[in-house]
Number of protein chains: 2
Amino acid sequence: MAASEHPRMSDVAARAGVSLSTVSRALRGASGVAPEVRARVERAAAEMGYVVSRGASSLVTGLTGRIAVIVPFLQPWFFGVAMAGIHSHLRSVGTDMVVYEVGDTRALTDYLRTLPLRRNVDAVIAVSLRPGQDDLDQLDAIGLPIVFCSHRVTGFPSVFIDEAGAAEGATRHLLNLGHTRIAYVQAQDDTGFPWHSRLRLEGYRRAVERIGAEPVVVTGRPGVEGGALAAAELLSRDDIPTAVLTESDDLALGVLRALRRSRLAVPEVMSVVGFDDQESAALFDLTTVAQPVHRLGAEAGRLASGVLDGSVSGDTHVELPTGLVIRGTTAAPRRGPGLTG
Amino acid sequence: MAASEHPRMSDVAARAGVSLSTVSRALRGASGVAPEVRARVERAAAEMGYVVSRGASSLVTGLTGRIAVIVPFLQPWFFGVAMAGIHSHLRSVGTDMVVYEVGDTRALTDYLRTLPLRRNVDAVIAVSLRPGQDDLDQLDAIGLPIVFCSHRVTGFPSVFIDEAGAAEGATRHLLNLGHTRIAYVQAQDDTGFPWHSRLRLEGYRRAVERIGAEPVVVTGRPGVEGGALAAAELLSRDDIPTAVLTESDDLALGVLRALRRSRLAVPEVMSVVGFDDQESAALFDLTTVAQPVHRLGAEAGRLASGVLDGSVSGDTHVELPTGLVIRGTTAAPRRGPGLTG
DNA sequence: CTGTTAGCGCATTCAG
DNA sequence: CTGAATGCGCTAACAG
């Protein structure tokens with residue numbers, strides 16, 4: 001496993017025949033180094049496989065070259081894509097990404113209480129997380145810039161979509177098709193975080209109530225399976241809705257699955273709309289609200305590094321557009337007061 | 001955003017009325033500190049929100065308290081789960097996880113060439129990645145312990161499953177049911193990495209050839225969609241196979257989808273077996289090979305920190321068990337020479 | 001444009 | 001059991 005005798009900067013200096021500080025300047029891309037000298041230093045460093053110790057340089061600069069990303073879960077599609085987006089930006093600016101998973105509010109609070117990030121990262125990106133006021137105070141005490149991804153938080157830079165507006169638009173699409181009994185399916189929130197779901201639900205409510213219809217909300221378990229169970233619940237009601245909007249594609253896929261098992265044709269018997277537009281949505285021909293998750297991440301990364309170099313102010317807010325992708329799971333209700341009847 | 005005037009160790013020392021080195025010892029849990037003094041120091045530190053600067057301590061200890069995780073992609077299910085497993089262990093030992101995505105061999109080589117990890121992490125966990133010999137040399141030159149997750153690599157600690165054996169077992173299950181025309185569907189490998197697929201394919205081949213049958217291998221695009229396309233190809237052959245084993249659940253889900261669209265009953269017309277046992281496998285009642293991905297990650301984390309504290313040797317190999325989960329997508333062929341005809 | 005000097009915050013000798 | 005010195009590897013003034 002090779003000797004742990006990594007070359008240090010002075011070794012490079014010796015080999016290049018210059019002083020320590022010249023190496024430092026050259027390697028850092030600082031101005032004021034003769035091109036020829038710079039080249040010589042770079043070659044020497046490369047030959048020796050030299051790499052600066054961030055620990056040492058951060059000791060004097062106060063910057064670590066690292067950004068923390070906090071996610072509630074590592075596994076779901078959304079977070080993978082968001083992290084990929086963040087990573088794509090951070091890599092381009094040479095910043096490392098250290099990842100923490102905090103499954104619920106308690107974990108977050110505990111985590112913040114120990115403040116492991118202070119002085120060990122330059123900034124933190126919180127994905128789909130909204131800390132409570134206590135936590136915000138803690139964060140503030142850490143004194144680290146923090147940017148929120150997929151959540152608008154006043155006072156902090158954040159990137160997000162118009163959750164309510166998007167859900168409202170999707171609901172309106174169903175209303176315009178002539179549906180009047182439209183249900184909303186959301187996942188149970190065990191994490192204690194105030195999720196998007198609240199906002200999406202709000203958008204749905206707004207659209208439905210505007211036409212004087214009754215909101216029908218089913219709250220079930222998360223994931224595809226949760227969707228299937230929610231569908232079962234809907235199908236056992238008196239007045240089965242003719243359309244359903246779900247909080248996520250996973251849920252929608254579950255609904256589709258349950259309907260198929262019951263041999264209920266989609267969209268003839270029931271229209272289904274998801275939220276996310278993840279890969280399988282297209283495959284299952286699911287009408288859904290597309291959100292630019294990768295861009296959300298990339299933008300969060302940009303904000304984070306922007307805050308550090310001063311190019312982004314403390315409360316910059318970036319709203320990214322969503323789009324309703326109409327596919328095969330939505331149509332006018334069979335015998336409704338709809339446009340096409 | 002608060003003042004960036006973080007307290008340093010000397011501040012804690014002053015507050016606790018002891019010397020710097022006593023604080024250092026107390027906070028590090030080193031022996032040789034009076035319990036009463038230790039408590040006093042800890043309280044002082046807590047009150048001030050003091051956190052040690054890893055950069056400063058690593059400057060003298062040579063350890064960073066950080067482990068790098070390299071994955072080919074951030075997004076797919078497998079990597080999210082594996083990272084969750086790794087994270088669960090690392091968190092328990094207070095080690096940070098810095099994540100890098102390297103999409104293909106070129107990215108990996110480029111990445112290793114710049115050696116950004118040396119001196120910035122204590123070890124690296126490579127997930128589902130097998131570097132070429134050149135890369136291994138590079139890694140060796142970095143002088144960092146490296147453990148492989150989901151790949152057996154001689155000379156390095158690694159955690160893995162018996163890929164070939166699992167695929168062989170799954171194939172044998174189909175053979176035992178009476179299938180004789182069994183196809184294998186794998187995803188095109190654009191990354192340049194030698195994936196598991198090779199080993200799984202090998203296991204499939206072994207089982208099929210043992211009974212003198214002809215291997216039928218379809219290589220398509222990855223993901224659910226790729227599976228659907230592969231199914232289309234299978235369905236346009238002279239002798240449509242009566243069963244198919246896929247390299248991953250995603251692929252299998254795509255196959256199921258295509259079959260359903262063609263109104264071909266599963267398992268009556270065709271049996272389908274996946275590989276992974278991800279969440280949706282159960283939902284779609286897919287027979288599949290379950291692999292303990294989370295454990296794979298956790299074990300890799302354990303190996304990594306074990307190598308650091310000397311409790312794990314340089315080439316410890318851990319094989320985790322897989323299991324065939326028989327669900328509704330497999331059955332004896334309709335009119336075959338099978339057991340149940 | 002380049003070299004010299006002085007710490008950054010901590011762990012670690014070594015004395016007491 | 002505790003405190004006073006030394007240096008980890010680097011950047012940032014400051015001179016030249």
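Throughout, protein chains are lettered first and strands after them, A, B, ... in sequence-line order, and every chain is numbered starting at 1. All values below come from the heavy atoms of this structure, side chains included, with hydrogens, waters and symmetry mates left out.
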For this session: Figure out the CG/C1' separation between Leu27(A) and dC10(D), and round it to whole Å.
Result: 11 Å
Problem set entry | Val307(B) versus Pro145(B), closest heavy-atom pair with distance | CG1-CB, 3.5 Å
Exercise. Whole Å only: how far is the CG atom of Leu63(B) from the C1' atom of dG9(C)?
Worked result: 17 Å
For this session: Report yes if at least one side-chain N or O of Tyr50(B) is closer than 4.0 Å to OP1 or OP2 of dG9(C); otherwise report no.
Result: no
Problem set entry | Any Ser19(B) side-chain N or O less than 4.0 Å from OP1/OP2 of dG3(D) | yes
Exercise. Between His89(B) and Ser305(B), is any side-chain donor less than 3.5 angstrom from a side-chain acceptor?
Worked result: yes
Problem set entry | Residue mapping more 5' on DNA chain D - nearest nucleotide basis, Ser10(A) or Gly32(B) | Gly32(B)
Exercise. If you look at every strand shown and take non-hydrogen atoms under 4.0 Å, does Ser21(A) touch a base, only sugar-phosphate, or nothing?
Worked result: base
For this session: Give me the ring orientation class for His317(A) and Phe160(A): parallel if the planes are under 30° apart, tilted from 30 to 60°, perpendicular past 60°.
Result: tilted
Exercise. Looking only at side-chain N and O atoms, does Arg25(B) come under 4.0 Å of OP1 or OP2 in dT2(D)?
Worked result: no
Problem set entry | Nearest non-hydrogen partners of His87(B) and Val99(A), listed with the distance | CD2-O, 3.7 Å
Problem set entry | Proximal nucleotide (of dG7(D), dT2(D), dC10(D)) relative to the Thr22(B) side chain | dT2(D)
Problem set entry | Interatomic distance, Arg54(A) CZ vs dC8(D) C1' [rounded to whole Å] | 19 Å
Problem set entry | Residue whose nearest DNA chain D nucleotide is more 5′ - Leu20(B) or Val37(B) | Val37(B)
Exercise. For Arg28(A) and dA12(D), is the shortest distance between a side-chain N/O and OP1 or OP2 below 4.0 Å?
Worked result: yes
Seminar exercise, completed: In whole angstroms, the gap separating C1' of dT2(D) from CE of Met9(B) amounts to 15 Å
Problem set entry | Arg8(A) CZ - dT11(D) P separation (whole Å) | 15 Å
For this session: Could you state the atom-to-atom distance from CG of Leu59(B) to P of dC8(D) in whole Å?
Result: 9 Å
Problem set entry | Where Ser88(B) and Ala298(B) come nearest, the two heavy atoms and their spacing | OG-CB, 4.2 Å
Exercise. Under 4.0 Å between a side-chain N or O of Ser24(B) and OP1 or OP2 of dC10(C)?
Worked result: no
